[in-house]
Amino acid sequence: MDIVKIVEQKMGQNSYLIIKDEDAILIDAGVVVSQVEENLKVFSPKPKLRAVLLTHCHFDHIRELDNLIKKYECPAYIFKSGKPMLYNENHNLSCLEAPFKIKAKKDIKTFKDSEELVFGNIQVLCYNTPGHSVDSSVFVIGDNMFTGDTVFKIEVGRTDLYSGQEDVQLISLKRIRDDLSRDIKHFYPGHGPNFNKEDMKYNIDRILGENEWI
Ligand SMILES: [Zn+2]
């Protein structure tokens with residue numbers, strides 16, 4: 001399996017192409033079609049993009065979603081509470097920059113907490129980890145976890161934006177540290193560098209340190 005990190009320059013948003021044999025999926029949609037196409041072409045035979053998975057509904061993670069769905073004729077997946085927020089510029093936070101709403105409707109599918117999605121040879125476990133936003137989710141593929149804006153290498157996602165909730169985030173972080181990361185070796189965030197399990201533990205221990213009652 002190959003993991004290709006593609007960084008969007010403006011907001012430093014990381015999207016990830018996951019490629020296994022002839023199947024591919026994209027995690028987050030901050031990158032333009034030409035960047036995805038360039039990276040798919042490196043592989044022979046060229047893998048088919050089967051789905052776009054969204055870690056959450058924020059504008060920097062979804063800005064190319066309509067173009068990607070059109071080009072690859074594939075569905076997108078988001079945690080169920082995130083879907084309506086895609087269609088509201090105040091909820092997807094594009095109001096902070098250049099307001100837009102997602103246009104695709106039937107191609108946007110939803111997943112539930114702990115649901116497994118299968119795309120050809122790629123199996124993805126989806127977990128809702130609310131806090132940064134109510135729909136924030138992490139994806140587990142093998143020993144890799146894609147953390148969106150829930151947890152970064154040295155920080156965690158801010159909770160002061162629409163649908164953010166700090167006390168809920170602490171519970172999500174504890175769940176990641178104590179439960180979901182048991183078999184995980186590599187972490188891939190929505191912004192900034194990748195990190196390992198020690199980094200994750202150090203970071204979450206520090207955040208939870210003042211909240212030992214959880
Ligand atoms: Zn975000």
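Remember, it's 1-based here, ligands and their atoms both numbered in the order they're listed.
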With distance as the sole test, does Ser172 use its side chain to make a donor-acceptor pair with the main-chain N or O of Pro130 at under 3.5 Å? yes
Is the terminal nitrogen or CZ of Lys105 (NZ for Lys, CZ for Arg) located under 6.0 angstrom from the six-membered ring centre of Tyr87 and within 45° of that ring's axis? yes
Is the closest side-chain donor-acceptor distance between Thr129 and Thr150 under 3.5 Å? yes
Tell me, yes or no, whether the heavy-atom count around Glu198 atom CD, taken from other residues, nucleotides or ligands under 6.0 Å, exceeds 12. no
Between Asp205 and Lys201, does any side-chain N to carboxylate O distance fall below 4.0 Å? no
What is the total of protein N/O/S atoms that are closer to the Zn ion (ligand 1) than 2.8 Å? 4
Contacts of type ring-ring contact (aromatic ring centres under 6.0 Å, His included), residue Tyr188, not counting sequence neighbours: Tyr16, Phe146
